[in-house]
Amino acid sequence: MPSTFQSLLPSSAKRASPDPPAATSSPSLAPDALLGTHGKREGSAVPVATPTLAALLGEIDGATHPPPALSSSPPAGLRILLWWTEPTSSPPLRAHLDALGCQLTVQSGPLSDTPDPALITGHPLLLIGVSPINPAANLTLLRNLRERANLPMVLVVPSPNGSEAETLYHNAGFELLDATASLGETRAVLRLALVQWETERREVLAREALRALEENTRLLECAAGQGKKLFYAHSPDQRLTYVSPQVSDFFELPAGVAFHHWTDFLTDHPTNIAGLEATRRAIASGQRQPVFELEFSTAQGRRFWAEAQESPIVVNGRTVAVVGVLSDATEKRRSQDLLRLQTAALRISANSIVITNRDGVIEWANEGFCKVTGYTLEEALNQKVGALINSGKHDNSFFQAFWEQLLAGQVWHGEITNRKKDGTVFQEESTVTPILDEHGAVTHFIAVKQDITERKLLEAKMRQAQKMEAIGQLAGGVAHDFNNILAAVLMYLGLLQDDTALDVNTRMALKDLEREVQRGASLTRQLLTFSRQQAMEPRPLDLHEIITGLLKMLKRLLGEHITLNLSGHAGLPTIEADAGMIEQVVINLCVNARDAMPRGGPITLTTQPVEFIAPSPKFPDARPGRYVRLTVSDKGTGMDESTLQHIFEPFFTTKEVGRGTGLGLATVYGIVRQHHGWVDVESALGAGTSFHVYFPAAAAALQQHASTPTPPLQRGRGETVLVTEDEASVRKVVALSLRRHGYTVIEAENGPAAVRRWREHQGKFDLLLSDMVMPEGMTGREVAEMLRKESPGLKVILCTGYSQAANSELIDPSARITLLRKPFDPSRLLSTVRQCLDAP
């Protein structure tokens, strides 16, 4: 890229050389070597020549004040001050000066060593006519005048013919001009005075520049020897004049290879532009500039950073040279970049990060801390972190142990409850690390903290869900065992009722007992629904009748401080629903109402038919048609609008910890939606709550649910049935019922026993009636598959109390398996067996 350093290349002392010269490194820094001139490049090596002082003068000041050539006349228009110390006239001298094109200012009067500055200004040459009388006294005045005026001087004498005055003035360094000299002699004397003055002046500048360069060279080379540093020098026109021997290490050059352009090694990094601008400012202003950075790429392609510090050498108010030092800053830059990245990462980290002093006063905090706590950084700085976010949830012993551990230099890790700016309490997981000084004393603390409030809530909900899952599994197991008991009782009741010798009272007692057993079966169905092991079994139901049957149980469940009222009437349109699920909806709504009235009160259940003719803006889910509405109202605490937005969310609860799971209303919502209905809620703080549940009415054909005569029990035709059941009481009563009604029955207590009975009777069975879940490692399904391999036409009935067993594969007609749910009575058993045997 174009750069200022491109112009740092020195030209040869011989201006005619067109080739770019090379800066050379030298083990010593003698003045001549420091400003060494350069020859043509040949290959990779460049011969070095020692400059003369005249060449140095050209380097320093030649561009501004070129020395006049000896063969030329004084420049045309040269202004000359002609000072006559005593009255005299010299027409030839005046004529010669006019002929040379000089502009004269004539001054007469005694010689003074303190001339008027306005008189001398603008006259680069003084011609002074002096008297030959008393030359020694005049000489002192002339010397003082030359020093003060700082201009070339020519003394005009009457006759410089080796007189005592001539010798005295000549030895003092003055040029002498005969007042009667010819034009050619006048021209030569003036020319010689100008050249000699310019030469002397530039020699003084060169010596001063050399002295300054030598002084800076010693300082910078001393610094260069203390680390990986490179010393260099360049002229005001930025021609590189010297590079120290470290150049090979810096740019990975082979030994002896001359260094020509370090711009060849500059990268295109934007930082280089700003650095090169600093060099231009140093030259223009003569002021040392701040340290700047440059990025280089070595001859081997390795990139590195260097810091440059340059010092201009100023003589008589003008920059005559610049010396500088390059310091390898790669590691420093890498550390700065890493620190910048680390700082950025800390600043934008989602975790809260706080740095405090030993007293806990905040010195820095990141954006995460401000976001979590609600405080701005300005509000948090210089505040004690404990006082700022202390929630008051921890006692003094907690903080005492906290500080003792930290001040002992140990890391503290744990959970702590803090308070936000708005007063909200939240939980944090914190790791606080003490920072030690070189003596092992604690100076600061760094705390990395994470808001775990949501996580703790989720963990609590997960534990509750796991607890509910465990309870559900327990309930499912209990329901399964209870189903077996109820199945046996129902079967025996059915057999007893078949006895024609029973009197009326006994028969009525057995009928009542059967109803109670059916209620027990309803309870097991609810348990299975709760444990998600009961599939939905919709059938036409009277909602008012279902609630009426629950009243006695609800009164015991809700407690004596609750008054339960049911309004409405029978004869409602039927709904197609699962009875157990509807009962669960009613129970959950009543329990929720009870909890809203801790001091007791009335709960009113109302059933009534409603009809929507057109879609309702209030109920966008409602389709035109007839519905049955259940309303559960209480006089409890009520809910605000914010709470109403979340009541159907799983695990959401306004109850105290341990008083609710947050699943009740979510279950209600799920069941109602599963029945194609919806729930509407009306509530206000202090005014109670009303839940309105809408169920679509069943089709007209399903509303005809008038009781019909019980069909006679269907008998067998001598078919052989293999009954496999691990519950002995169920197995015996099933076998007894089938035998009484014309079937031949072979019993087996488990799957392996069923296979053995099959072998013993050579597979001469018409039907396999088996429990689904059995011990000994074989399910009823596996028994059926094994036996059907030998007899593909074997009819199969599987009995189960679990809904997950009744998956689509089992009830699919292509599987040719009939499902019989427990508990069942003799009538259902016999009708199912007959239908299975008669099926094609």
Where do G392 and N390 come nearest, in terms of heavy atoms and distance? N-OD1, 3.0 Å
Considering non-hydrogen atoms only, spot the tightest contact between H675 and E576 and give its length. CD2-O, 3.8 Å
Quick check: do L769 and L738 have side-chain heavy atoms less than 4.5 Å from each other? yes
With sequence neighbours excluded, residues passing side-chain hydrogen bond (donor to acceptor under 3.5 Å, both in side chains) with D451: T453
Within a 6.0 Å radius of atom CD on E611, are there more than 12 heavy atoms belonging to other residues, nucleotides or ligands? yes
Considering all heavy atoms, the nearest Y375-R419 contact: OH-NH1, 4.2 Å
I'd like to check V425 versus N418 (side-chain heavy atoms, cut-off strictly below 4.5 Å). Are they in contact? no
State, yes or no, whether a side-chain contact exists between L767 and V796 at a heavy-atom distance under 4.5 Å. no
Short question: side chain of S831, backbone of R828 - any donor-acceptor pair under 3.5 Å? yes
Is there a side-chain contact between K635 and P602, using heavy atoms and a 4.5 Å cut-off? yes
Kindly indicate whether the side chain of M774, heavy atoms from C-beta on, has any atom under 4.5 Å from the side chain of E749. no
Would you call E725 and K732 a salt bridge, taking side-chain N to carboxylate O under 4.0 Å as the test? no
Taking the side chain as everything from C-beta on, heavy atoms only, tell me whether E428 gets closer than 4.5 Å to Q450. no
Donor-acceptor pair, distance only, cut-off 3.5 Å: does the side chain of E782 make one with the backbone of T779? yes
By side chain to side chain contact (heavy atoms under 4.5 Å, CB included) - contacts of A754 (at least two apart): L722, T724, A748, V783
Do H394 side-chain atoms and T417 backbone N/O form a donor-acceptor pair below 3.5 Å? yes
Can you list everything that forms a side-chain hydrogen bond (donor to acceptor under 3.5 Å, both in side chains) with R731? Sequence neighbours excluded, please. E747
Closest heavy-atom pair and its distance - P826, S737: CB-OG, 3.9 Å
Applying side-chain hydrogen bond (donor to acceptor under 3.5 Å, both in side chains), run through D825 and S827 and close with a yes or a no. CA-CA 6 Å; D825 56 19; S827 175; 4.7 Å; no
What's the separation between atom NE2 in H413 and atom OG1 in T431, rounded to the nearest 0.5 Å? 4.5 Å
Residues which pass salt bridge (Lys or Arg N to Asp or Glu O under 4.0 Å) with K421, listed by chain and number, not counting sequence neighbours: E379
Is a side-chain donor-acceptor pair under 3.5 Å present for T631 with S690? no
Hey, is K456 close enough to E415 for a salt bridge, meaning N to O under 4.0 Å? yes
With sequence neighbours excluded, what pairs up with T548 under the side-chain hydrogen bond (donor to acceptor under 3.5 Å, both in side chains) test? none
Any side-chain heavy atom of I797 within less than 4.5 Å of one from L768? no
K449 to F369, cation-pi by 6.0 Å centre distance and 45° axis angle: no
Do K795 and R816 come within less than 4.5 Å of each other through their side chains, counting heavy atoms only? no
Got a donor-acceptor contact below 3.5 angstrom from the T574 side chain to the L541 backbone? no
Taking all non-hydrogen atoms of both residues into account, name the closest pair between H561 and P598 and its distance. CD2-O, 4.2 Å
Between the side chains of T689 and S683, is a donor N or O closer than 3.5 angstrom to an acceptor N or O? yes
For R629, all residues meeting side-chain hydrogen bond (donor to acceptor under 3.5 Å, both in side chains), sequence neighbours excluded: Q608, Y694
Is a side-chain donor or acceptor of R594 paired with a backbone partner of L557 at a separation under 3.5 angstrom? yes
Working for side chain to side chain contact (heavy atoms under 4.5 Å, CB included), residues L630 and I547: CA-CA 10 Å; L630 164 66; I547 297 174; 3.5 Å; yes
Can you check whether W678 and F695 have ring centres sitting under 6.0 Å from each other? no
Tightest non-hydrogen contact, residues V773 and D726, listed as O-OD1, 3.6 Å
